[in-house]
Every structure is written in structure tokens, then in C-alpha cells.
J.: 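Take this structure, written in C-alpha cells, and hold onto it; I'll ask about it next.
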Protein chains: 2
Amino acid sequence: MASTNPSFMNGVPELLVLRLLRGRKMYGYEIVQAIREETGEVVSLGEGVVYPVLHALERSGAITSARRTVGGRSRIYYALSPKGVSRLTELTELWSRITGAVQQVLVGGGRAGLV
Amino acid sequence: MASTNPSFMNGVPELLVLRLLRGRKMYGYEIVQAIREETGEVVSLGEGVVYPVLHALERSGAITSARRTVGGRSRIYYALSPKGVSRLTELTELWSRITGAVQQVLVGGGRAGLV
DNA sequence: CATTATACCTTTCAGTTCGAGGTATCAGGG
DNA sequence: CCCTGATACCTCGAACTGAAAGGTATAATG
């Protein structure tokens with residue numbers, strides 16, 4: 001129950017956030033800008049997307065938070081937990097499978113009778 | 001006006017349908033199965049997704065329809081129009097850009113200071 | 001004659017994402 | 001000294017999509 005229709009193309013924001021946190025601890029505002037920059041403006045998730053994702057991830061135990069004040073600026077740094085690492089693996093594989101499947105159709109011309 | 005939030009990850013069903021029609025004329029029921037088969041069950045769009053997409057595409061002039069009876073079976077065959085071809089190009093490019101951008105983040109480890 | 005497969009269709013529901021708005025602090029310009 | 005803009009956090013409501021289920025009709029099969 002509950003799990004109804006996780007539309008096959010979703011969870012990309014979650015994936016991106018987890019992936020960024022794999023490298024270093026980051027805070028929300030920083031993540032918003034990192035996504036924008038690292039994708040060359042192609043993907044631009046607003047704070048209204050990122051913050052809720054962070055909160056959900058923390059609630060599920062995938063990340064942990066620690067408030068720290070840096071240069072008079074109060075920030076909440078998030079770090080990936082082991083649970084978050086496996087969630088990241090899971091989402092990455094899902095992403096591969098799906099984009100691969102779509103690619104298969106896009107290339108498709110080959111009238112695959114392949115076994 | 002109108003254009004609110006076309007969530008950056010959408011329109012994949014439309015893309016798949018257009019792409020399939022690029023090769024040959026097909027009817028709805030056939031498209032549903034083709035997607036399932038060509039993606040190896042990974043992507044499985046129901047009729048409740050495909051038919052509305054077809055109707056929207058026809059309304060927008062991207063495809064044309066012709067009812068034909070084959071072996072006592074009445075089918076509506078759809079064919080790609082020139083407008084549909086450019087729409088397909090457009091969506092394909094968008095798909096590339098987005099998946100590329102996501103991939104960039106996923107690979108990312110490279111601490112890109114690249115210019 | 002009933003069930004299955006073909007073939008079409010629509011409506012309802014739920015989840016995600018977006019956008020806009022709201023607070024507070026710090027730095028800099030006028 | 002104030003006002004603006006950047007930093008940094010947050011939440012709510014609207015909207016769109018896609019999923020599931022249900023509904024009709026015909027042909028073929030047992």
C-alpha cells in the first residue's frame with residue numbers, strides 16, 4: 001500500500017543531491033547552485049525542490065545534518081550516511097536502466113531480433 | 001500564461017511514441033507492446049498513457065491518423081507528419097541535453113575546473 | 001457459448017516538481 | 001545610517017504527468 005505510481009522517470013533530483021553529497025559535505029543553498037553550475041544551466045532545480053528533498057532524505061536516514069556557522073553565516077551541512085550510499089547506488093542503477101532502455105528505442109532502427 | 005512547470009524530466013512517452021512512428025505507421029495497441037518489448041520490459045507504458053499521447057499529438061498536427069480494417073480488426077494507424085519530425089528532433093535533443101547534464105553530475109568526480 | 005486477445009477509449013488518483021513567497025543575517029553603496 | 005542585494009533557510013499551493021482501473025466492442029478459440 002502507499003506505493004502507487006512512481007512514474008518511471010522520477011527521483012532525479014534525489015539522485016543528483018545524493019551524488020553531490022558523495023564527494024563532500026554540502027549545504028542546501030550550495031547544492032542548488034552546484035546543480036545549476038555542474039549541468040551548465042541545463043538542469044536548474046530551485047530551492048523549493050532541493051530543500052524538501054534534503055528533508056526527506058534526512059527523515060529516511062540517507063543523510064545526516066549538522067548546523068555550523070561559517071563567517072557569520074549559519075549553514076546546515078549534510079553528509080551521506082551508509083544508507084544514503086546504497087540509496088545512491090540503487091538510484092544510479094535505475095537511472096542507467098531507464099536511460100538505456102529509452103536509448104534502445106531512440107537508436108532502434110536496427111530492427112532488433114537480437115537475442 | 002499557461003506554461004507553468006514542465007518538470008525537466010517529462011515528455012518521454014511522447015518522445016518514444018514519435019520515435020517509433022518514425023520507422024513505420026503503427027496503431028496504438030501496437031505501440032504499447034512495442035515499447036514494452038523494445039525496452040525489454042524496463043519501460044512499460046499502459047494504454048492509459050499511450051492513447052492520450054496519440055490524441056494530443058494528432059491535435060497538435062504532429063501525426064495523422066487513418067482508420068483501416070485489417071483481418072476484421074479495425075485499427076487506427078498513425079503516421080508522422082513533417083511537424084512531427086521536427087518535434088521528434090526537438091525532443092531528442094532535449095533528451096540528450098538533459099541526460100548528458102545528469103551524467104555530468106553522476107560522473108562528476110573529476111572536480112571539473114575545466115573551461 | 002464463454003473466455004481470451006485484440007483494439008479502442010476515458011476518468012480518477014496520486015506523486016513530483018515548480019514557483020512564489022516568507023524570514024533573517026551580513027556586506028556594501030549612497 | 002538606510003537600503004539593497006546576496007546568502008541561507010523554509011513552506012505552501014498549483015499544475016502537470018503518468019499509472020491504474022474500468023468501460024466498450026469484435027474476432028478467435030476452446
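From a predicted model like this one, the values you see are computed outputs, not experimental measurements. In what follows, every chain begins at residue 1, and chains take the letters A, B, ... in the order their sequences are listed.
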J.: Tell me whether the OP1 or OP2 atom of dC8(C) has a side-chain N or O from H55(B) closer than 4.0 Å.
T.: no

J.: With sequence neighbours excluded, give me every ring pair (Phe, Tyr, Trp, His ring centres under 6.0 Å) pair touching residues 72-94 of chain A.
T.: Y27(A)-Y77(A)

J.: Could you tell me the separation between the CG atom of L15(B) and the P atom of dG18(D), rounded to a whole number of Å?
T.: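 Those two atoms, CG and P, are 11 Å apart.
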
J.: How long is the line joining CZ of R59(B) and C1' of dT10(C), in whole Å?
T.: 13 Å

J.: Whole Å only: how far is the CZ atom of F8(A) from the P atom of dT17(D)?
T.: 13 Å

J.: May I have the distance from E14(B) (atom CD) to dT17(D) (atom P), rounded to whole angstrom?
T.: 9 Å

J.: On DNA chain C, check which nucleotide each of G48(B) and V70(B) is closest to and give me the residue with the more 5' one.
T.: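 This one resolves to V70(B).
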
J.: Between L54(A) and M9(A), who's closer to the 5' end of DNA chain D by nearest nucleotide?
T.: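 Comparing both residues, the 5'-ward one is L54(A).
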
J.: Would you kindly give the CG-to-P distance between L16(B) and dT17(D), to the nearest whole Å?
T.: 15 Å

J.: Do V42(A) and F8(B) touch side chain to side chain, with heavy atoms closer than 4.5 Å?
T.: no

J.: If I take atom CE in residue M26(B) and atom P in nucleotide dA7(C), what distance separates them, rounded to the nearest angstrom?
T.: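 In whole Å, dA7(C) P lies 11 Å from M26(B) CE.
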
J.: Take atom CD1 of I31(B) and atom P of dT6(C), then tell me their distance rounded to the nearest Å.
T.: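 After rounding, the gap between these two atoms is 16 Å.
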
J.: Dump the pairs, protein N or O against N or O of nucleotides 2-7 of chain D, anything under 3.5 Å, distances to one decimal.
T.:
| residue | atom | partner | partner atom | Å |
| --- | --- | --- | --- | --- |
| dT7(D) | O2 | R73(A) | NH1 | 2.8 |

J.: Report yes if at least one side-chain N or O of Y51(B) is closer than 4.0 Å to OP1 or OP2 of dC9(C); otherwise report no.
T.: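 So the side chain of Y51(B) is outside the cut-off, no N or O lying under 4.0 Å from OP1 or OP2 of dC9(C).
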
J.: Decide yes or no for L54(B) and I76(B): does some side-chain heavy atom of the first lie under 4.5 Å from some side-chain heavy atom of the second?
T.: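 No - every pair of side-chain heavy atoms lies 4.5 Å or more apart.
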
J.: Compare all side-chain heavy atoms of L45(A) with those of V53(A) and state whether any distance is below 4.5 angstrom.
T.: no

J.: Do R75(B) and E30(B) sit within salt-bridge range, that is, some charged N less than 4.0 Å from a carboxylate O?
T.: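 E30(B) and R75(B): not salt-bridged.
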
J.: Heavy atoms only, 4.0 Å cut-off, all strands: where does G46(B) land among base, sugar-phosphate and nothing?
T.: nothing

J.: Please work out if E47(B) contacts a base, only the sugar-phosphate, or nothing of the nucleic acid, heavy-atom cut-off 4.0 Å.
T.: base

J.: Within this structure, what is the CG-to-P distance between L91(B) and dT17(D), rounded to whole angstrom?
T.: 12 Å

J.: Tell me, with the steps shown, if E58(A) and S65(A) meet side-chain hydrogen bond (donor to acceptor under 3.5 Å, both in side chains).
T.: CA-CA 7 Å; E58(A) 186 175 19; S65(A) 69; 2.6 Å; yes

J.: Look at all strands and tell whether G11(B) reaches a base, only sugar-phosphate, or nothing, counting heavy atoms closer than 4.0 Å.
T.: sugar-phosphate

J.: Indicate yes or no: at least one non-hydrogen side-chain atom of V85(B) is less than 4.5 angstrom from one of L18(B).
T.: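 No, their side chains stay 4.5 Å or more apart.
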
